[in-house]
Asks: 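Sharing a structure with you now.
Bear in mind the structure is a predicted one, so any value in this text is a computation, not a measurement. Letters go in sequence order (proteins before strands), and every chain restarts at 1.
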Number of protein chains: 2
Amino acid sequence: MTETTTPHAVSEKPRRGRPRGAPDASQARRDLIRAGLEHLTEKGYSAVGVDEILKAAKVPKGSFYHHFRSKADFGLALIAAYDSYFAGLLDQAFLDRGRSPLDRLRHFTEMAEAGMARHGFRRGCLVGNLGQEMGALPDDFRQALIGVLTTWQTRTADLFRDAQACGQLSAGLDPDALAQAFWIGWEGAILRAKLELSPAPLRTFTGLFSRLFDGGASP
Amino acid sequence: MTETTTPHAVSEKPRRGRPRGAPDASQARRDLIRAGLEHLTEKGYSAVGVDEILKAAKVPKGSFYHHFRSKADFGLALIAAYDSYFAGLLDQAFLDRGRSPLDRLRHFTEMAEAGMARHGFRRGCLVGNLGQEMGALPDDFRQALIGVLTTWQTRTADLFRDAQACGQLSAGLDPDALAQAFWIGWEGAILRAKLELSPAPLRTFTGLFSRLFDGGASP
DNA sequence: TACTTATTAGACCGTTTCGTCTAATAATTC
DNA sequence: GAATTATTAGACGAAACGGTCTAATAAGTA
C-alpha cells in the first residue's frame, strides 16, 4: 500500500527494471508460433511434442515457458494466430471489388489449393485438425475452434447475401445454411486432400457445391 | 527337409502342440479391438496409449503383443475391423428393398446420426480421425484408409446409378463425382458434429446435399 | 553505477510412452 | 504322462513426454 497511489489498478505507470516488450515483438515467440503452425497443421496437437517445436524454432525451453503457461496455452495461441492469418486471406479474396461475389469465393478456394500445393498437400487446416482431436484436448479449445469457424461462416454468409443482391444467387437459398454447408464440406475436402496428397477432392467438392448455385431451386 | 513331404508349403498338416485358434475366436483380441475402436474414434491414434486400451479391455500387455506386432499393426487391424463393421451398416441401409434408392441413403445418414447420438456426439469416424492424423502415422495407413473410403464411395455411386435408373435422380449428374462429394462432405459433417457435440451439422449437410437431387441441373 | 525486471539457456525431474523379457498356464498330440 | 506350442501375465527398460528450476544475460530506470 506504499505504492505510488494507483487506485484503479488499470495501468501501473511507474514500472522499474527492464520493460516487457510487446508480445508480438518477441522474435522467439514469433518463431515458436510459426514452427508450431507448421507442425500442428501437418501432424496435429497430440502427435507433436514441445521439444520438437523448440528444435524447429531454435528456441530454448526456458523461452517457451516464459511466453506460454503450458502446451495447451500455446495451442490456444496458435488458434488465435491462425485466425488472424486466415482473416487476411479472407480479406484478400472476399474484398476483391474486381470480382463478382461468387467469383470471390472461387478465388478463395483457388488460393487455398495453391497454399496446400505449396506444401505437397501435407498440411491441412489447423481448425479441422484440432477439431478432430477435440476428444483429447483441453476443454477451452472447443469454444475457440467453434468461434473461429463461426467467424468464417459469417463472412461467407455475407458474401452469399451480396450474391443474392446481385441476382447472382437464387433468393430461395438460405445464405447462413449455405455458408455452414460450405465450411462443413470444405473442411472435409481438405481432410481428404491431405489423405490423398492431391487437389482432386478440393475440386470435386467445389465443383459439386457450385451446382447448387446454377441449378438452384425456388422455394 | 525331413518333414512329412509337404512340397507346396500351402498348409503344414501335422502340427504338434496347442493349435492356434482362429484369430477372431480369441476373446482377448476381440476385447482389444472393441476398446481400441471406442478410444480411437473419440481421441485419435496419437492421443491414445496402448496401456489405456489394455486397461479398458482388461487384457494384459503380453496378450496385446502376442496378437499384434506393434501399435501400428493394431491400428491397421482397427481399420479392417471398422471396415467390416461399416459394411454391415451399409448393407442394412443400401440393400433395403422397401425403400427407394435416395431414401436408402437418407436412412443411412439417420442411422449414423443415431449412432453418434448414442455416444453424445463424442465419437467420430475412425477413418476421418486417422486421415487427419495421417502426417503422424506410418505410411501403410494411407492406402488402407483410401481403400476403405473407395469401397464406401463405390457402393454409394452404385446407389446413385440405381436412383437414375428409377428416374429418381437426374441423368445429368455423374454418380461417381456425386458419391465422392457425398463422402467428402459427410466426413466434414461428422468432424463438425463432434466439435459442436450436436447433430445440427449432419442435418445441415444432408439438407443441402439433397437439393442437388431436386433442383438438379441438366449436363 | 546500482538496481530491477525480462528473457534466454538448458540441466534436470517425475511420469508416461512403446516395446521386450521371462515365467506361468492352457490346450493340444504322441 | 511327456512333449510341444499358444496364450496369458506383468515386471522391466530405454526413450520421450510436459514441465520446473537455477543461473546467466539483456535492457531498461534511478
Side-chain angles (χ1 to χ4, degrees), chain A residues 2-4 11-33 35-36 39-40 43-78 133 136-138 141, chain B residues 3-4 11-33 35-36 39-40 43-78 133 136-138:
Chain A
T2 58
E3 308 284 326
T4 41
S11 64
E12 303 273 346
K13 267 309 182 51
R15 286 201 36 70
R16 331 204 315 174
R18 177 177 176 175
R20 83 181 59 138
D24 51 325
S26 161
Q27 190 60 44
R29 189 189 162 101
R30 270 205 304 253
D31 289 346
L32 287 169
I33 296 274
H39 281 73
L40 290 227
K43 317 203 314 185
Y45 180 88
S46 308
V48 177
V50 173
D51 289 346
E52 188 177 343
I53 292 166
L54 298 180
K55 192 178 158 194
K58 280 179 241 174
V59 161
K61 193 164 262 194
S63 298
F64 183 94
Y65 283 98
H66 173 73
H67 291 289
F68 306 102
R69 251 186 260 96
S70 62
K71 186 189 177 188
D73 185 40
F74 177 62
L76 290 173
L78 287 185
E133 291 188 85
L137 262 38
F141 280 58
Chain B
E3 308 283 326
T4 39
S11 64
E12 302 275 345
K13 266 311 182 54
R15 287 204 30 73
R16 332 200 318 171
R18 176 176 178 175
R20 80 178 59 122
D24 51 325
S26 161
Q27 189 59 45
R29 190 189 161 102
R30 270 205 302 255
D31 289 346
L32 287 169
I33 295 276
H39 281 73
L40 290 227
K43 316 204 313 186
Y45 180 89
S46 307
V48 176
V50 173
D51 290 346
E52 189 178 343
I53 291 166
L54 299 180
K55 193 177 157 194
K58 282 179 240 175
V59 161
K61 191 163 267 192
S63 299
F64 183 94
Y65 282 98
H66 174 72
H67 291 288
F68 306 101
R69 249 184 263 100
S70 63
K71 186 189 176 187
D73 184 40
F74 177 62
L76 291 174
L78 287 184
E133 290 188 86
L137 263 37

Asks: Could you tell me if the side chain of B:Lys61 sits less than 4.5 Å from the side chain of B:Asp51, heavy atoms only?
Replies: yes
Asks: For B:Ala47 and B:Glu52, work out which heavy atoms get closest and say how close.
Replies: O-OE1, 4.1 Å
Asks: Counting only N and O atoms by type, is there a donor-acceptor contact under 3.5 Å from the side chain of A:Glu133 to the main-chain atoms of A:Ser46?
Replies: yes
Asks: For DNA chain D, which consecutive runs of 3 or more Watson-Crick or G-U pairs (each distance under 3.5 Å) count as stems?
Replies: C:1-30 with D:1-30
Asks: Whole-Å distance between D:dA15 P and A:Lys55 NZ?
Replies: 16 Å
Asks: With rounding to the nearest 0.5 Å, note down the distance linking CG in B:Leu40 to CD1 in B:Ile33.
Replies: 10.0 Å
Asks: Whole-Å distance between C:dG19 P and B:Leu32 CG?
Replies: 14 Å
Asks: Roughly how many Å is it from NZ in A:Lys43 to C1' in D:dC17, rounded to a whole number?
Replies: 14 Å
Asks: Roughly how many Å is it from NZ in B:Lys58 to P in D:dA9, rounded to a whole number?
Replies: 13 Å
Asks: Using heavy atoms and a sub-4.0 Å distance, could you list which residues of residues 59-74 of chain B are near DNA chain C? By number, please.
Replies: B:Lys61, B:Tyr65, B:Ser70, B:Lys71
Asks: Go nucleotide by nucleotide along DNA chain D from the 5' end; which of A:Glu52 and B:Ser26 gets its closest nucleotide reached first?
Replies: B:Ser26
Asks: Please report the distance, rounded to the nearest Å, between NE2 in B:His39 and P in C:dT17.
Replies: 11 Å
Asks: Without decimals, in angstroms, what is the distance between B:Asp51 CG and D:dG13 C1'?
Replies: 13 Å
Asks: Provide the closest heavy-atom pair for A:Ala57 versus A:Asp31 in the form atom of the first, atom of the second, distance.
Replies: CB-O, 3.6 Å
Asks: Tell me: CD of B:Gln27 to C1' of D:dA6, nearest whole Å?
Replies: 17 Å
Asks: Given atom CZ of B:Arg29 and atom C1' of D:dA6, what is their separation to the nearest angstrom?
Replies: 14 Å
Asks: Considering only distance and modelled atom types, tabulate donor-acceptor pairs under 3.5 Å from the side chains of residues 63-75 of chain A, sequence neighbours left out.
Replies:
residue: A:His67; atom: NE2; partner: A:Ser26; partner atom: OG; Å: 3.3
residue: A:Ser70; atom: OG; partner: A:Ala72; partner atom: N; Å: 3.4
residue: A:Ser70; atom: OG; partner: A:Asp73; partner atom: N; Å: 3.2
residue: A:Lys71; atom: NZ; partner: A:Tyr45; partner atom: O; Å: 3.0
residue: A:Lys71; atom: NZ; partner: A:Val48; partner atom: O; Å: 2.9
residue: A:Asp73; atom: OD2; partner: A:Arg69; partner atom: N; Å: 2.9

